[in-house]
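Keep in mind that this is a model prediction, so the values were computed, not measured. Values reported hereafter were calculated over all heavy atoms of this structure, with side chains retained and with hydrogens, waters and symmetry mates removed.
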Amino acid sequence: MALEIMHIDTNRVEGVLDGVLPFALEREGTNLIARINSWSRRIADRSITTIAEMRLTAYEALARYREDLARA
């Protein structure tokens, strides 16, 4: 699974997974919400202050998505 990041800052990541699935990671209050297609997951905000930390969190969300797909 390849994630193409179209936008990234310390509040939001937007991209496309495998060229077709919309990917978003957005700050909502004290949480981050990851969305891939119809899947979503809340991730505790870890005081992310850099783009590198936000990128790492995006790939963590992608790993959780893969785990959930494997269980289904």
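- Closest of all the heavy-atom pairs between N31 and A44 is OD1-CA, 4.0 Å.
- The OG1 atom of T57 sits 6.5 Å away from atom CG of L25, with the distance rounded to the nearest 0.5 Å.
- Both L32 and W39 belong to a common hydrophobic cluster when Ile, Leu, Val, Met, Phe, Trp and Tyr are linked at side-chain heavy-atom distances under 4.5 angstrom.
- Under a hydrophobic clustering in which Ile, Leu, Val, Met, Phe, Trp and Tyr are joined whenever their side-chain heavy atoms come within less than 4.5 Å, directly or via other members, F23 and L21 fall into the same cluster.
- No continuous path of hydrophobic side-chain contacts links M6 to L3 [ILVMFWY only; heavy atoms under 4.5 Å].
- Linking Ile, Leu, Val, Met, Phe, Trp and Tyr whenever their side-chain heavy atoms come within less than 4.5 Å leaves L62 and I33 in two separate clusters.
- Of all heavy-atom pairs between A61 and I43, the closest is CB-CD1, 3.8 Å.
- Here the CD atom belonging to E26 is positioned 8.5 Å from the CE atom belonging to M54, to the nearest 0.5 angstrom.
- Here the side chains of P22 and N37 are in contact, with some heavy-atom distance below 4.5 Å.
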Q) For Y65 and L17, what are the C-alpha separation, side-chain angles and deciding distance, and is it a side-chain contact (heavy atoms from CB on, under 4.5 Å)? A) CA-CA 11 Å; Y65 172 74; L17 181 61; 3.8 Å; yes
Q: Using the side-chain contact (heavy atoms from CB on, under 4.5 Å) rule, take R27 and R12 through it: C-alpha gap first, then chi angles, then the decisive distance, then the call.
A: CA-CA 6 Å; R27 189 179 306 274; R12 179 172 55 104; over 6 Å; no
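- Under the 4.0 Å criterion applied to side-chain N and carboxylate O atoms, E53 and R55 are not assigned as salt-bridge partners.
- S40 and R35 get closest at one heavy-atom pair: CB-CG, 3.9 Å.
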Q: Dump the intermediate steps for side-chain contact (heavy atoms from CB on, under 4.5 Å) on T49 and T10, then the final yes or no.
A: CA-CA 6 Å; T49 59; T10 56; 5.8 Å; no
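- L56 and I48 end up in different hydrophobic clusters when Ile, Leu, Val, Met, Phe, Trp and Tyr side chains are linked at under 4.5 Å.
- Although no hydrogens or angles enter the test, the distance criterion places a donor-acceptor pair under 3.5 Å between the side chain of D9 and the main chain of N11.
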Q: Dump the intermediate steps for side-chain contact (heavy atoms from CB on, under 4.5 Å) on I8 and E14, then the final yes or no.
A: CA-CA 7 Å; I8 187 168; E14 290 183 359; over 6 Å; no
